[in-house]
Q: 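Below is a structure I'd like to ask you about.
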Amino acid sequence: MSSVVEEKGEAPGAAAKRLCVLKFGSSVLGREEDYPKVVEEIYRHVRDGEKVVAVVSALAGETDRLLDQARRVGGEIAPAALVARVARVGELHSAALLALALSKAGLRATTLDPHEMGLVAEGSPLDSNLVGLDAEAVLSQVDVNDVVVVPGFIADHADHGVVTLGRGGTDLSAVFFADRLDAHRVRLIKDVDGVYEEDPAKNPNALRYSYLNYAEAEHASSGLIQAKAIHAADEWDVLIEVAALGSAEATTVARFPAMKAKPLRPERLKVALLGCGSVGAGVLELLQGQPDLFEVGPVLVRNPSAHAEPTLFTDSLEEALAGDPDILVELVGGVDLARDAMHHALLQGAQVVTANKAAVAKHWDSLHAAAARNGGQLRFSGAVGGGAPVLETLKQLEGQVVSVEGVMNGTCNYLLSRLAEGWSFEQALAKAQELGFAEADPTADVDGHDAADKLSILVREAFGVALLPKWIEKHSLRDLVPEAAAEALELGEVLKQVGSCRLRPDGSVEAEVRIVSLPREHPLAQTHDEENRFLVTDVDGKVHDVFGKGAGRWPTATAVLADVMDAQRALLGREPLVGQSAEKLRA
């Protein structure tokens with residue numbers, strides 16, 4: 001979602017970002033409904049500045065089902081090479097489904113089959129060992145995507161064509177990819193948050209290892225980590241982390257002595273959700289998918305009886321906020337009600353998550369003051385960029401920013417794309433509303449108010465300057481003649497609504513929202529439909545290219561839930577998800 005380029009228009013470079021390998025086995029990918037949880041895990045790594053290679057297994061039970069089917073049809077002495085061809089289907093299926101789920105959430109994702117990345121193994125058809133990978137083929141896809149998904153149980157073979165890697169082979173694949181792609185770590189996502197001295201299901205007081213060396217890990221993990229994967233990591237000096245979905249806790253396996261620690265037990269936090277529109281409904285679904293972590297109170301809506309389960313909803317703000325929730329998720333829209341609810345929760349010391357850019361932009365000072373008073377915190381990643389983590393990019397640059405420009409309203413970008421195809425404004429708007437990209441009243445999007453709200457927040461984060469949206473000059477799509485988009489195409493250009501802000505030498509800031517005609521090769525001209533894209537220039541002249549889907553239910557809901565998970569870890573005293581690098585740990 002974010003890459004560094006030296007000049008605008010160059011292709012993003014993988015070398016500009018850290019690369020991690022995440023492995024998801026069938027213990028966490030048990031069924032189709034588990035893909036959104038895996039997407040959230042991956043998204044948090046991406047927004048924290050990592051590119052991801054995701055190594056996946058088939059869904060739980062799928063490989064056994066395929067092997068049983070192969071033996072039923074082929075008999076007990078079925079040729080192993082043919083059985084391997086049947087078994088591979090589950091891995092390919094799972095990898096493609098995860099790439100689809102990532103795309104739905106607004107991440108740029110692709111999947112590669114073994115022959116597309118030169119993944120080669122040697123050995124018997126049902127228990128081979130990896131020996132080769134075309135790293136350039138994989139890294140070329142890492143360059144242009146946030147996530148590259150690969151099947152973890154299969155490879156190509158010179159004699160047999162297709163082979164599998166044996167039980168637990170996905171662990172070995174993850175370590176192999178980390179070594180050959182020079183990733184800074186590999187994180188094995190399991191159904192437990194690390195390696196324990198005893199089975200925690202039998203002994204709730206069992207200690208978890210914070211650190212293990214490779215030999216100790218093979219003994220202590222008791223098969224939790226495939227032995228072949230541990231041996232390979234030892235040989236190649238690959239740092240392994242063993243963790244659970246969404247957990248900051250992990251056991252780190254590398255070349256240092258063992259250390260145990262009492263694990264932090266999960267606590268169920270109370271969440272108040274205000275609003276259940278397009279994004280709110282998505283967030284509700286994601287929260288309900290993790291009942292062990294969150295208890296969602298009655299959801300504030302205008303008309304509870306209009307919902308299938310009216311008892312889950314309320315039209316009373318007092319009832320929605322009853323019991324002092326740990327986390328408030330504000331998605332009700334508007335300004336005044338949202339401000340009052342967030343202000344109250346922050347004064348109570350709660351964590352507040354919102355995608356309400358208008359309320360944040362207009363009431364920045366009062367909301368942050370309320371948060372500071374009693375230790376609350378305001379989180380609003382979903383307010384700017386949807387699934388494009390531009391605010392995280394600004395934080396990572398720590399104030400070393402000189403300008404930001406971007407296509408930051410997915411609705412306007414969708415409308416301009418349709419106008420360029422000859423649609424009328426009314427047709428394009430109706431379709432955008434049908435797809436959930438545009439509100440019933442599109443004024444904020446069309447007239448530039450939404451982009452100005454976002455730009456105001458970007459100015460705060462990038463430069464620490466107060467610039468209210470009403471002070472930002474705005475152009476409206478309504479002022480375009482119908483033929484303007486088509487005429488721009490004839491000239492080899494594309495119309496875009498671009499918001500921009502830059503720091504002047506005297507420390508002041510200039511900002512505006514304009515409809516501009518850009519050459520087709522310009523990075524911002526290459527945003528399509530509901531996508532957002534930002535070019536952040538730092539003091540060294542480097543341009544950080546941040547992109548993602550900026551409108552629609554799932555990209556924004558994914559960003560909101562990532563904030564919720566950060567809030568959960570903050571409340572429980574956990575560390576950020578992205579841990580220390582191998583180099584720092586070994587120092």
Side-chain angles (χ1 to χ4, degrees), residues 37 40-50 187 189 193-194 208 210 241 243-250 261-274 283-284 286-287 289-297 321 323-331 338 341-356 359-360 364 366-384 389-396 398 457 460-461 556-580:
K37 298 178 186 178
E40 277 295 329
E41 179 78 19
I42 292 171
Y43 176 75
R44 287 192 293 274
H45 285 266
V46 171
R47 81 169 191 163
D48 283 336
E50 292 182 306
R187 192 171 178 95
I189 309 299
D193 59 353
R208 187 189 62 237
S210 298
E241 296 170 348
L245 279 171
S247 176
E249 310 295 317
K262 187 174 182 179
L264 297 173
R265 296 299 175 191
E267 298 179 28
R268 198 162 181 245
L269 299 180
K270 184 175 181 180
V271 178
L273 175 59
L274 310 185
V283 172
L284 178 60
L286 294 172
L287 288 170
Q290 303 197 57
D292 54 327
L293 299 181
F294 303 112
E295 174 191 352
V296 184
L321 297 178
D324 294 329
D326 302 296
I327 302 172
L328 170 68
V329 181
E330 186 283 306
L331 299 170
M342 290 191 287
H343 195 269
H344 171 79
L346 290 167
L347 287 175
Q348 301 302 311
Q351 296 273 323
V352 172
V353 175
T354 182
N356 190 331
V360 173
W364 177 282
S366 64
L367 290 172
H368 281 81
R373 181 175 296 182
N374 285 318
Q377 191 163 3
L378 179 65
R379 302 175 185 272
F380 45 89
S381 293
V384 183
V390 63
L391 295 177
E392 287 74 20
T393 300
L394 296 179
K395 290 175 183 177
Q396 290 160 14
E398 298 182 345
I457 295 171
R460 288 276 198 171
E461 290 287 347
T556 306
T558 299
V560 168
L561 189 65
D563 273 351
V564 171
M565 295 301 298
D566 283 348
Q568 183 245 14
R569 283 186 288 274
L571 287 168
L572 299 181
R574 312 289 169 85
E575 293 297 321
L577 180 66
V578 175
Q580 303 176 68

Q: If you take all heavy atoms of Gly289 and Lys37, which pair is closest and at what distance?
A: O-CE, 2.9 Å
Q: CG/Leu273 to CZ/Phe294 distance, rounded to the nearest 0.5 angstrom?
A: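 It comes to 12.0 Å.
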Q: Starting at NE2 of His45, measure out to CD of Glu50 and round the result to the nearest 0.5 Å.
A: 6.0 Å
Q: Would you say Val560 and Asp563 make side-chain contact, with heavy atoms under 4.5 Å?
A: no
Q: Minimum heavy-atom separation for Ala272 to Pro325, with atom names?
A: CB-CG, 3.6 Å
Q: Do Leu391 and Ile457 come within less than 4.5 Å of each other through their side chains, counting heavy atoms only?
A: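 A side-chain contact under 4.5 Å exists here.
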Q: In Å, rounded to the nearest 0.5 Å, how long is the span from CD of Glu40 to CG of Leu286?
A: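 So the CD of Glu40 and the CG of Leu286 are separated by 6.0 Å.
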Q: Side-chain contact test, heavy atoms from C-beta onward, threshold under 4.5 Å: evaluate it for Tyr43 versus Leu561 and give yes or no.
A: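 Not touching, per the 4.5 Å side-chain cut-off.
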Q: Restricting to non-hydrogen atoms, name the atom on Ala341 and the atom on Leu328 that form the minimum distance, rounded to 0.1 Å.
A: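 The pair with the smallest heavy-atom distance is O-CD2, 3.6 Å.
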Q: Kindly list each side-chain donor-acceptor pair under 3.5 angstrom involving residues 370-378, sequence neighbours excluded, with atom names and distances?
A:
residue, atom, partner, partner atom, Å
Asn374, ND2, Leu347, O, 2.5
Gln377, OE1, Arg379, NH2, 3.1

Q: Excluding sequence neighbours, so at least two apart, what forms side-chain hydrogen bond (donor to acceptor under 3.5 Å, both in side chains) with Thr556?
A: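 None.
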Q: Side chains of Leu269 and Leu572: does their closest heavy-atom pair fall under 4.5 Å?
A: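 Answer yes - side chains close enough.
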Q: Which value, rounded to the nearest 0.5 Å, describes the distance between Thr354 atom OG1 and Leu274 atom CG?
A: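 Between Thr354 OG1 and Leu274 CG, I get 9.0 Å after rounding to 0.5 Å.
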Q: Quick one: closest heavy-atom pair of Gly323 and Lys270, and the distance?
A: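 Scanning both residues, the minimum pair turns out to be CA-NZ, 3.6 Å.
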Q: What I'd like to find out is whether the side chain of Glu41 reaches to under 4.5 Å of the side chain of Arg187, using heavy atoms alone.
A: yes
Q: Please give me the minimum heavy-atom distance between Gly246 and Arg569, naming the atom from each residue.
A: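 Closest pair (atom of Gly246, atom of Arg569, distance): O-NH1, 2.9 Å.
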Q: Nearest 0.5 Å, what's the CD-OG1 distance between Glu461 and Thr393?
A: 11.5 Å
Q: Heavy-atom distance under 4.5 Å between the side chains of Met565 and Gln568, does that happen here?
A: yes
Q: Would you name the heavy atoms of Arg44 and Ala562 that are closest together and state the gap between them?
A: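 For Arg44 and Ala562, the tightest heavy-atom pair comes out as CG-CB, 4.0 Å.
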